Amino acid sequence: MNKSVFALMSTVVALSAVIAGCGGGNQAAPANTQTADNSAAPAKSDVPQVLRINIHQEPSTVDPGIAEDNVSGGITRATFDGLTRLDKDAKPMNSIAQDVKVSEDGLTYTFTLRDSKWSNGDPLTAHDFEFAWKRALNPKTASNYAYQLYYVKNGQKFHTGKGTADEVGVKALDDKTLEVKLENPTPYFLELTAFYTYYPVNKKVVEANPDWAKEAATHVGNGPFKMTSWEHKSKIVLEKNENYWDKDNVKLEKIEMAMIEDENTELSMFENGELDWAGQPLSQLPTDAIPALKDAGTLVIHPKATMYWYKFNTEKAPFNNAKIRKAFAYAVNRQAIVDNITQAGQVPAMGMLPQTMAVKPEGYFKDNDVETAKKLLEEGMKELGITELPPITLSYNTVERHKKIAEAVQDQWKKALGVDVKLANKEMKVHLEDLHQGNYQIGRMGWNADFNDPINYMEMYRDKDGGNNDTRWENARYKELIIQSAKETDPEKRKALFAEAEQIFMDEMPVIPIFNDVDVWAQSDKVKGVQVDGLGFVDFKWAEMQ
């Protein structure tokens, strides 16, 4: 299907340049670094096919219907497969779907499924897809990514209690045929079907055991690998799934995933030959080691469509005031952070969108604009009728890089605004839950694009109670513009809608953009074919040890 996504910097050509490691401007990899080897793996190897990596910490879930973070997504992508799967250029190709037909009006997709099985040997059918999508939309499932299924006819109505499951536009016509009706023509729908919220789950297994995804013994997937061991907070082992439809193209026999929180320990294990990969996308390298790894030429820098943010809880004072939110945002010195802490080609961000999708590439405000920040803080405090700020806490998940960035921002706010900010670090699962429950004031969060279109970022803030809108911010005009953009097919008109929406967002500043991020890692020369695309997704299906 030809894509007609609007012609901004978010074109497939622009993203392909980023994926290839030669993105324009400041995102090009420095000369003394490697670029990722995402070429197809050779056919044979006599080397033991065991890949040893680190995932930093316990995954929050391995259930595709509720997965939402990098680690959960990486494991889910290895153990499940969708109707489509992304290739190394982040373009969708048929996977469980053997054939796809799209109606002339772009509203009906008919997927013909190939013969495939679940890891336990059960046949996989179109009914499993229908069940999985409706399960993710069911408000009882509490999927924060349910809105990704709002493209499906009546998906939002069911999720918000205004419709029934029977009205949702996904239906198994028979075991091998899935019919999907959409709310509006969606040029990137086949990219969405490669995303884990759209993966199937085994209807029989899930209905029999609500806790099926909490232990290796009960976990059932349909991907290249199956989970055979899960020592909680210690180690996960995935092994090649002999029931996978494309098993002949899966070379790895095993993936061993350690859960080591200390980045220095992880790097030491890599250097000692105990790990084959250290760092992102599923873990982190110590920031202090970045310059030396770069100088040695062993650091891989991989640009991606990802933003590093601080979110405000806009329902809690003093951040219920837009001027105070903007004051804190303007007072951040992003250039100092990317120069002195991250040190891997990250680019300061003065807008809500990554560079490959930017509506206004030059941004909406100046970096480190202390004078304007002071003025806005004073005005905001007057509007709230306060003479001093209440205690303020910045929360982040336990990663050394996040800690250093938080400490730098804490110091910047102290010097620029005279504000004392307390820092609070938590393990990822707890941090995510606190954000979703509104138990925070300022919270760190990154966002990897799920597909190559600005709507992926913008729709997150359409509704106050949207699954990933932890800011609790909502604006009626912004919401109207996002709804209009979903129906608009003219690229220039759609671009104008996004431009107006982003201006509103930046005027009210529910998040602080910090920088456009990159993935950085070190890998053994033996590792070939691990696919890391320009969206930051990692796929081990084609990996091989040589």
Side-chain angles (χ1 to χ4, degrees), residues 1 62-67 73 76-86 92-103 107-138 140-141 143 145-156 158-159 163-183 186 188-208 212-213 219-224 226 241 243-246 450-451 541:
M1 175 182 177
V62 289
D63 179 344
I66 57 177
T76 301
R77 197 167 290 107
T79 54
F80 285 84
D81 204 359
L83 294 166
T84 55
R85 199 172 185 98
L86 299 183
M93 55 184 174
N94 287 350
S95 200
I96 298 300
Q98 191 168 22
D99 180 67
V100 185
K101 289 184 172 59
V102 186
S103 62
L107 292 175
T108 302
Y109 284 66
T110 304
F111 297 91
T112 302
L113 276 57
R114 67 179 75 250
D115 289 335
S116 62
K117 294 180 180 180
W118 291 99
S119 56
N120 66 353
D122 290 344
L124 189 153
T125 72
H127 300 280
D128 291 317
F129 279 96
E130 178 182 351
F131 172 76
W133 294 11
K134 290 179 177 179
R135 171 179 176 261
L137 282 167
N138 191 325
K140 293 180 180 179
T141 305
S143 171
Y145 255 133
Y147 66 86
Q148 288 284 43
L149 288 154
Y150 284 5
Y151 299 93
V152 178
K153 187 75 174 178
N154 296 321
Q156 183 177 7
F158 174 45
H159 185 240
T164 66
D166 290 340
E167 296 174 293
V168 177
V170 55
K171 184 177 182 181
L173 302 182
D174 54 48
D175 284 353
K176 289 292 193 297
T177 311
L178 186 73
E179 181 185 78
V180 181
K181 294 185 180 296
L182 304 183
E183 289 282 357
T186 306
Y188 43 84
F189 186 66
L190 293 180
E191 293 178 48
L192 282 167
T193 55
F195 190 67
Y196 41 74
T197 312
Y198 280 78
Y199 287 171
V201 292
N202 187 311
K203 183 175 185 290
K204 182 175 69 174
V205 169
V206 175
E207 287 184 331
W212 66 279
H219 188 269
V220 175
N222 71 314
K226 61 182 180 181
N241 177 10
N243 287 317
Y244 183 52
W245 72 271
D246 198 24
D450 302 324
F451 52 93
K541 174 178 175 176

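Since the structure is predicted, the reported quantities are computational estimates derived from the model, not experimental observations. Residue numbers start at 1 and run along the sequence shown.
Between Phe80 atom CZ and His219 atom NE2 the span is 4.0 Å, to the nearest 0.5 Å. Atom OG of Ser95 and atom CG of Leu113 lie 10.0 Å apart (nearest 0.5 Å). The CG atom of Leu178 sits 9.5 Å away from atom OG1 of Thr125, with the distance rounded to the nearest 0.5 Å. Here Glu179 contributes atom CD and Asp174 contributes atom CG; the two are 11.0 Å apart, rounded to the nearest 0.5 Å. Note: Lys153 NZ to Leu182 CG = 9.5 Å, rounded to the nearest 0.5 Å. Atom NZ of Lys134 is separated from atom NZ of Lys171 by 8.5 Å, given to the nearest 0.5 angstrom.
Atom NZ of Lys176 has more than 12 neighbouring heavy atoms from other residues, nucleotides or ligands inside a 6.0 Å radius. The number of heavy atoms from other shown groups lying within 6.0 Å of CG (Asp115) does not exceed 12.
Closest heavy-atom contact between Ala146 and His159: CB-NE2, 3.4 Å. Closest approach of Asn222 to Tyr244, counting heavy atoms only: O-CD1, 3.3 Å. Scanning both residues, Ala136 and Ser143, for their nearest heavy atoms gives O-CB, 3.5 Å. Shown here for Pro64 and Trp212, the closest heavy-atom pair between the two residues is CD-CH2, 4.1 Å. The minimum heavy-atom distance between Tyr196 and Thr76, with the atom names listed, is CB-CG2, 3.8 Å.
Contact check for Leu86 versus Pro92: side-chain heavy atoms found under the 4.5 Å cut-off. Side-chain contact between His127 and Asp175 is present, with heavy atoms from C-beta onward closer than 4.5 Å. Side chains of Thr79 and Val62 form no contact here, defined as non-hydrogen atoms less than 4.5 Å apart. Counting heavy atoms from C-beta outward, Tyr150 and Leu137 have side chains that approach closer than 4.5 Å. With contacts defined as side-chain heavy-atom distances shorter than 4.5 Å, the pair Pro200/Leu124 qualifies. Side-chain contact between Asp246 and Lys541 is present, with heavy atoms from C-beta onward closer than 4.5 Å.
Remark: the backbone N or O of Leu190 is paired with a side-chain donor or acceptor of Thr84 at under 3.5 angstrom. At least one donor-acceptor pair under 3.5 Å links the side chain of Asn243 to the backbone N or O of Ser119. When atom types are taken as modelled, the side chain of Glu183 and the backbone of Asn154 share a donor-acceptor pair closer than 3.5 angstrom. No donor-acceptor pair closer than 3.5 Å links the side chain of Arg77 to the backbone N or O of Ala194. Listed for the Tyr198 side chain is a donor-acceptor partner under 3.5 Å among the backbone atoms of Gln148.
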Asp63 vs Arg135, salt bridge (charged side-chain N to carboxylate O under 4.0 Å, His left out): CA-CA, chis, key distance, verdict | CA-CA 12 Å; Asp63 179 344; Arg135 171 179 176 261; 2.5 Å; yes
Take Trp118 and Asp128, measure what side-chain hydrogen bond (donor to acceptor under 3.5 Å, both in side chains) needs, and give me the verdict at the end.
-> CA-CA 10 Å; Trp118 291 99; Asp128 291 317; 3.0 Å; yes
Test ring pair (Phe, Tyr, Trp, His ring centres under 6.0 Å) applied to Tyr188 and Phe195, step by step | CA-CA 11 Å; Tyr188 43 84; Phe195 190 67; over 10 Å; no
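Between Asp81 and Arg114, no side-chain nitrogen of the basic residue sits less than 4.0 Å from a carboxylate oxygen of the acidic one, so the salt-bridge criterion is not met.
Ring geometry for Trp133 versus Phe189: interplanar angle over 60°, hence perpendicular rather than tilted (30 to 60°).
Under the ring pair (Phe, Tyr, Trp, His ring centres under 6.0 Å) criterion, Tyr147 pairs with Tyr145, not counting sequence neighbours. Residues forming a side-chain contact (heavy atoms from CB on, under 4.5 Å) with Thr112 (at least two apart in sequence, or on another chain): Asp99.
Of the candidates Val180, Ile96, Val170, Thr177, Phe111 forms a side-chain contact (heavy atoms from CB on, under 4.5 Å) with just one, namely Val180.
Inspection of the Asn138 and Thr141 side chains reveals no N or O donor paired with an N or O acceptor under 3.5 Å.
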